[in-house]
Amino acid sequence: MATIAVIMAMRAEAGPLIDELGAARYGLNPSLPTQVFVAERSGDTIVIGVNGVDPEHQVDLVGTEPAVLTTMQVIEHWQPDVVITAGTAGGWSRSAAQIGDVFVAWPHVVRHDRRIGIEGFRDYGIGRHRVWTHSEELAHHLDARKGVVTTSNSLDESDTDREWILALDGEVKEMEGAAVAWVCGLRGTPFVGIKTITDLVDHPTPTAEQFLANLTTASTRLSEVLPMAIQWCAERVNAASY
Ligand code: ADE
C-alpha cells in the first residue's frame, strides 16, 4: 500500500487537513521543531510534516531551510512513494489568478532569488526541479490550474524578483516548493506541488494584508482538495505496483 507525505509550513495551513484526516501526532525527533501527524486511509499511510515553530521568535517556520529539514526527516523515516508540498501562495491578475484558486506545479518548480552569475552556478541557483510526471493528470482530476511554481525566502516581490519571475514564467509564488523538490530529487522521490492562492502579487493592496485576510479561506480550500489529491496519488502508486 502507498505512503504519501504532505509537507506544509504553517500550522494554519495544516490544521484543517489534520482535522479532516483525523491524523494523530507522531513523536519523531523532540530536539527539532518539526511536527509530524500520521493517518491511515484504506490501508494507505498519510504523513503530514509541518515545519513547526521557531524557538526564538515563536512564529511558524516558513522558508526553505525548515522545508528541507522537514522533508529530509519524513523521507528518511517513511520512504514515501510521493511527496506533496502543499500550502498557500501568491498569484498574479496578469495570469487571471483569483483568491482561492488551486494550482498544481507543472512542469517544474524554480527559485527566483538565488541569482548566481557564474558559469554553472546560474542553473543550480534556479533549480528547475521536475515534478512527478502524473501531475498534469492530477491537475485535471482536481479541476485545478497548472503552472510554474517559483520559490524564494521573501513574501514581497522586488523589482529584480519581478524580472526573474517573468523570465522564468512563474505563475505561483511561495517559499518552500523548490527546497522540498530539491530533497526529493536527491532521494529519487516523486514530487508534487499543490498551492492555493491567498494574494495577488500585482494587486495594489499589500501582499501581507491580503495574505492574512485570505489565509483561512485558502487553507480550508487546501483541506478540501488535498484528501482528493492524496487518494489519487495513492491509487496511482498502488496501480503501478501490481
Ligand atoms: N505565500 C502566500 N503568498 C505568498 C507570496 N506572495 N509570496 C511568497 N509566499 C507566499
Side-chain angles (χ1 to χ4, degrees), residues 6-17 49-54 57 59-68 70-71 84-105 108-115 125-127 129 131 144-182 192-226:
V6 184
I7 309 295
M8 303 179 89
M10 299 184 72
R11 290 164 297 171
E13 292 170 333
L17 178 69
V50 186
N51 292 350
V53 176
D54 183 74
H57 302 284
V59 294
D60 289 314
L61 283 161
V62 300
T64 54
E65 291 90 341
V68 166
T70 305
T71 309
I84 303 174
T85 180
T88 58
W92 281 269
S93 343
R94 66 167 178 254
S95 46
Q98 294 186 352
I99 305 300
D101 275 0
V102 180
F103 275 82
V104 173
H108 48 234
V109 298
V110 294
R111 301 190 189 230
H112 60 263
D113 74 338
R114 236 173 32 173
R115 299 181 281 266
I126 293 169
H129 307 286
V131 300
R145 295 184 58 178
K146 292 172 290 175
V148 172
V149 170
T150 184
T151 303
S152 75
N153 274 301
S154 299
L155 185 66
D156 69 356
E157 185 197 46
S158 70
D159 291 343
T160 315
D161 290 341
R162 190 170 308 121
E163 279 169 35
W164 274 64
I165 290 168
L166 281 169
L168 294 166
D169 295 323
E171 286 201 56
V172 179
K173 177 175 178 295
E174 49 78 89
M175 298 175 69
E176 290 85 21
V180 175
W182 178 67
V192 169
I194 301 179
K195 300 281 163 172
T196 53
I197 302 300
T198 43
D199 52 272
L200 299 174
V201 180
D202 50 359
H203 192 277
T205 309
T207 297
E209 206 176 297
Q210 295 183 61
F211 173 76
L212 292 172
N214 297 316
L215 179 58
T216 305
T217 310
S219 302
T220 304
R221 187 78 194 98
L222 263 184
S223 73
E224 290 161 3
V225 87
L226 279 173

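By convention here, the first residue in the shown sequence is residue 1. The model shown is predicted, which means the values in this text are computed figures rather than measured ones. Both backbone and side-chain heavy atoms feed into the values below; hydrogens, waters and symmetry mates do not. We count ligands from 1, going down the list as the structure has it; atoms in each ligand are counted the same way.
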- Item | Distance-only side-chain donor-acceptor flag, E174 / T151, under 3.5 Å |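 Indeed, the side chains of E174 and T151 share at least one donor-acceptor pair under 3.5 Å.
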- Message: Can you see whether T205 engages Q210 through a side-chain donor-acceptor pair at a distance of less than 3.5 angstrom?
- Response: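 Not at all, the side chains of T205 and Q210 share no donor-acceptor pair under 3.5 Å.
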Could you tell me, atom by atom, which parts of ligand 1 come under 4.0 Å of a heavy atom of [X]?
| X | value |
| --- | --- |
| T207 | 6 (N) |
| F211 | 2 (C) |
| M175 | 8 (C), 9 (N) |

- Item | Per atom 4 (C) of ligand 1, closest listed option by heavy atom (G63, G90, G177) |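 It is G90 whose heavy atom sits nearest to atom 4 (C) of ligand 1.
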- Item | K195, E174, Q210: member with heavy atom nearest to atom 9 (N) of ligand 1 |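 Of the listed residues, E174 has the closest heavy atom.
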- Could I get the full list of side chain to side chain donor-acceptor pair (under 3.5 Å) partners for R162, not counting sequence neighbours?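 For R162 the side chain to side chain donor-acceptor pair (under 3.5 Å) partners, ignoring immediate neighbours, are E157, D159.
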- Task: Could you find the nearest protein heavy atom to atom 7 (N) of ligand 1 and give me its residue, atom name and distance?
- Result: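 For atom 7 (N) of ligand 1, the nearest protein heavy atom is K173 NZ, 2.9 Å.
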- Message: Return the closest protein heavy atom for atom 6 (N) of ligand 1 as residue, atom name and distance.
- Response: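 Answer, as residue, atom name and distance: D199 OD2, 2.8 Å.
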- Item | More than 12 heavy atoms from other groups under 6.0 Å of CH2 on W182 |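 It does not: W182 CH2 has 12 such atoms or fewer within range.
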Check whether any side-chain heavy atom of [X] sits under 4.5 Å from a side-chain heavy atom of [Y], and report yes or no.
| X | Y | answer |
| --- | --- | --- |
| I197 | R145 | no |
| E224 | V102 | no |
| D113 | D161 | yes |

- Message: With a 4.0 Å cut-off on heavy atoms, is S154 in contact with ligand 1?
- Response: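 In this structure, S154 qualifies as a contact of ligand 1 - some heavy atom is under 4.0 Å.
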- T198 contact mode with ligand 1 (heavy-atom cut-off under 4.0 Å):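 The side chain, only.
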